[in-house]
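Please read the structure below before turning to the comments.
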Number of protein chains: 2
Amino acid sequence: MYSDKNTLISVGLKITPQRIAVMEALHKLKSHPSAEMIISFIQKSHPHIAVGTIYKVLDLFVAKGIIRKVMTDKGVMRYDSVLDKHHHLYCSESGEIIDYVDEELDVLLKDYFERKKVTGFSIEEINLHLIGSYNKKKKE
Amino acid sequence: MYSDKNTLISVGLKITPQRIAVMEALHKLKSHPSAEMIISFIQKSHPHIAVGTIYKVLDLFVAKGIIRKVMTDKGVMRYDSVLDKHHHLYCSESGEIIDYVDEELDVLLKDYFERKKVTGFSIEEINLHLIGSYNKKKKE
DNA sequence: TCTTAGATAAGAATAATTCTCATATAAGAA
DNA sequence: TTCTTATATGAGAATTATTCTTATCTAAGA
């Protein structure tokens with residue numbers, strides 16, 4: 001797997017301490033962190049890195065395809081450093097967002113949309129969002 | 001189908017002109033409007049309704065289950081007045097969000113997750129988000 | 001018509017993100 | 001190794017989006 005520096009080089013970006021710090025934060029905060037979580041994390045070890053810089057670097061990484069923005073209905077930006085095809089579990093209790101990977105599911109959805117052909121709409125991506133909660137099994 | 005007033009009454013809310021205006025806006029702006037779109041729409045005909053009131057009424061409607069928040073990766077709140085089970089098409093060009101309804105898809109997903117049983121995670125809702133674009137067919 | 005619990009207006013406050021521009025610096029050239 | 005310069009960053013102001021506060025208004029039951 002690429003190192004952080006190699007990733008930057010591979011997309012034509014200069015290696016700066018601030019960018020390395022952001023990438024580290026994204027990898028260590030595994031749970032699709034919000035901008036605020038990333039900022040807090042970074043400022044613990046790099047208190048001099050400006051908030052504006054972090055936002056700018058995050059936007060740059062999204063633009064370069066190094067990370068992706070995550071959909072939420074909370075009105076805050078969250079980020080995903082895992083680029084491989086996956087879906088998300090949204091814990092309605094904790095707010096946690098967990099990756100869900102299953103190739104069978106991907107095939108199922110792909111087949112369905114090849115059959116169904118949503119008229120006039122060219123599909124680029126299919127994301128499944130599962131809302132639920134951990135552990136407390138509903139007794140239905 | 002319920003009228004706006006009946007909807008309010010059915011969830012124990014008083015009928016106020018501001019609430020009626022918000023409901024009208026939600027029904028007329030069919031495309032999962034952002035808070036800003038709703039505010040702009042309402043202030044054309046009700047310039048005296050305060051922005052804070054609109055936000056408060058929207059939150060109240062979400063809390064009462066009259067409308068729902070829509071997931072986006074844009075960091076702004078958008079709302080959905082259609083409560084029936086459906087999925088969304090996200091147009092990556094226009095930003096438009098369109099409802100997608102297909103019972104077969106719902107059955108497919110339900111069956112899949114009954115077989116798969118995501119360990120320790122109690123599913124409340126399954127939402128499919130299709131990202132793509134209209135009309136310009138990709139020549140693959 | 002009166003009463004009052006709850007709703008709203010207005011704008012201040014907060015939170016999240018973007019912008020500006022002087023200064024710093026990564027990295028290629030010499 | 002030093003120099004150069006195109007690009008990056010810091011700092012905080014500005015903007016945008018949303019929430020809070022509280023005096024006043026009002027929906028609807030009595």
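Just the heavy atoms: all of them, side chains too, but no hydrogens, waters or symmetry mates, feed the values below. So that the names make sense, note that chain A is the first sequence line, chain B the second, and so on, each numbered from 1.
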Q: Mind calculating the distance between CD1 (A/Ile20) and P (D/dA8) to the nearest angstrom?
A: 14 Å

Q) Hey, is CD on A/Glu125 packed in by over 12 heavy atoms from elsewhere, all under 6.0 Å? A) yes

Q: Write down the partner of C/dA30 under the Watson-Crick or G-U wobble criteria, each distance required to be under 3.5 Å.
A: D/dT1

Q: Return the orientation label for the B/Tyr100 and A/Tyr112 ring planes: parallel under 30°, perpendicular over 60°, tilted otherwise.
A: perpendicular

Q | Cluster check B/Val70, B/Leu58: I/L/V/M/F/W/Y, side chain < 4.5 angstrom | A | no

(Q) Counting only side-chain nitrogens and oxygens, does B/Arg19 get under 4.0 Å of the OP1 or OP2 atom of D/dA27? (A) no

Q: Among A/Ile66, A/Asp80, A/Ile67, find the residue that satisfies the side chain to side chain contact (heavy atoms under 4.5 Å, CB included) test when tested with A/Leu26.
A: A/Ile67

Q: Quick one, give me the B/S/- string for nucleotides 14-30 of chain C, reading 5' to 3', where B means a protein heavy atom under 4.0 Å from the base and S means that only happens at the primed atoms, P, OP1 or OP2.
A: --SBBB------SS---

Q | Rounded interatomic separation in angstrom, taking CG from A/Asp73 and P from D/dA17 | A | 18 Å

Q. Parallel, tilted or perpendicular: which describes the rings of B/His88 and B/His32, with under 30° parallel and over 60° perpendicular?
A. perpendicular

Q) Which whole-number value in Å describes the distance from B/Ile54 CD1 to C/dA7 P? A) 17 Å

Q.
Rounded to whole Å, please give me the gap between NE2 in B/His48 and C1' in D/dT26.
A. 12 Å

Q) In whole angstrom, what separates B/Leu60's CG from D/dT19's C1'? A) 15 Å

Q. Any donor and acceptor pair, going by atom type alone, linking the side chain of B/Ser31 with main-chain N or O of B/Ile97 inside 3.5 Å?
A. no

